[in-house]
Amino acid sequence: MKPHPRIRKTIKWGGAAVTVLLVAVWIGSGWCSPGWVSKGRAVALDRGRVCLIRLEGLAVPDGAMWSVQPADMPHWYLWFDSFKQYEIGPRIPLWCPVLLALLATTTAWRLDTLARRRARRGVNLCPKCGYDRAGIAGDAKCPECGALPVAGKTSSHGSGAPS
């Protein structure tokens with residue numbers, strides 16, 4: 001079942017917006033570190049990573065937290081690590097969600113481009129491998145992969161029925 005063009009368009013443009021937003025957050029996290037503390041747990045952005053923190057033995061008030069990095073040395077951490085001492089939890093680099101969003105967006109754009117190109121060509125293609133079925137009987141298997149044609153579709157140059 002092919003996705004509806006509106007869904008594909010939403011994924012395509014929504015994914016592009018999310019990717020741009022994540023890149024901006026990734027870059028901005030080198031200069032400032034927003035976060036939230038609640039019931040001994042915290043989530044913070046810090047120098048290119050998301051920090052999931054469980055605070056043990058520290059008296060930290062609940063609510064928003066904010067810190068600004070020194071302007072002369074913004075830098076980003078690019079790999080996974082974990083906290084030491086009183087803060088326990090993983091630090092996940094922001095390039096991971098950026099990469100996932102970029103991958104999904106790129107895939108949606110590519111599939112949409114292929115669908116538009118196939119629609120423009122007006123050629124009967126194999127649904128499995130994309131082989132051009134022009135000149136092949138409508139009920140014949142694909143010579144490339146052996147897939148059966150989609151019901152209700154016939155090739156433009158031969159239907160297999162005598163004229």
Side-chain angles (χ1 to χ4, degrees), residues 1-132 142 144-145 147 150-153:
M1 184 167 121
K2 289 187 177 183
H4 194 276
R6 182 177 287 167
I7 294 171
R8 192 169 45 228
K9 184 178 178 181
T10 302
I11 293 171
K12 190 169 79 166
W13 288 103
V18 166
T19 302
V20 168
L21 179 66
L22 284 172
V23 168
V25 167
W26 184 15
I27 292 170
S29 69
W31 287 278
C32 61
S33 299
W36 183 262
V37 179
S38 177
K39 299 178 185 172
R41 299 189 187 275
V43 175
L45 294 174
D46 179 41
R47 299 179 188 178
R49 59 195 174 185
V50 176
C51 304
L52 306 172
I53 308 164
R54 187 177 68 214
L55 303 168
E56 289 186 355
L58 295 176
V60 180
D62 288 353
M65 58 183 179
W66 184 270
S67 68
V68 177
Q69 309 302 336
D72 58 339
M73 280 189 81
H75 62 280
W76 292 265
Y77 295 102
L78 298 176
W79 202 243
F80 299 90
D81 63 348
S82 60
F83 292 110
K84 304 190 177 33
Q85 297 174 347
Y86 296 107
E87 302 171 347
I88 300 169
R91 295 176 183 166
I92 303 164
L94 281 171
W95 60 260
C96 292
V98 168
L99 185 65
L100 290 173
L102 184 63
L103 182 67
T105 303
T106 304
T107 302
W109 278 86
R110 178 70 180 148
L111 291 174
D112 191 50
T113 302
L114 289 174
R116 281 188 284 124
R117 187 179 300 156
R118 286 179 181 161
R120 254 195 327 257
R121 283 176 45 194
V123 179
N124 187 10
L125 301 177
C126 173
K128 186 174 179 185
C129 68
Y131 182 79
D132 185 358
C142 174
E144 282 290 313
C145 67
V150 177
K153 292 204 172 198

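Only this structure's heavy atoms are used, side chains among them; waters, hydrogens and symmetry mates stay out.
Counting all heavy atoms, side chain and backbone alike, C51 lies closest to D46 at SG-CB, 3.9 Å. Closest non-hydrogen pair, R47 versus S33, comes out as N-OG, 4.5 Å. Taking every heavy atom of both residues into account, L94 and W26 meet most closely at CD1-CA, 3.7 Å. When all heavy atoms of L45 and S29 are compared, the closest pair comes out as CB-CB, 4.4 Å. Considering all non-hydrogen atoms of both residues, C142 and C129 come closest at SG-SG, 3.7 Å.
Taking L100 as the reference, nothing meets the side chain to side chain contact (heavy atoms under 4.5 Å, CB included) condition, with sequence neighbours excluded.
Between T107 atom OG1 and L102 atom CG the span is 9.0 Å, to the nearest 0.5 Å. Summarising the geometry, atom CZ belonging to R8 is positioned 12.0 Å from atom CH2 belonging to W109; distances are rounded to the nearest 0.5 Å.
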Could you go step by step and tell me if V43 and I53 meet the side-chain contact (heavy atoms from CB on, under 4.5 Å) rule? CA-CA 6 Å; V43 175; I53 308 164; over 6 Å; no
Can you give the donor-acceptor pairs under 3.5 Å from side chains of residues 10-19 to other protein atoms, not counting sequence neighbours?
| from | atom 1 | to | atom 2 | distance (Å) |
| --- | --- | --- | --- | --- |
| T10 | OG1 | R6 | O | 2.8 |
| K12 | NZ | D112 | OD2 | 2.7 |
| T19 | OG1 | G15 | O | 2.7 |

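Formation of a donor-acceptor pair under 3.5 Å by the R41 side chain with backbone atoms of S38 is not found in this model.
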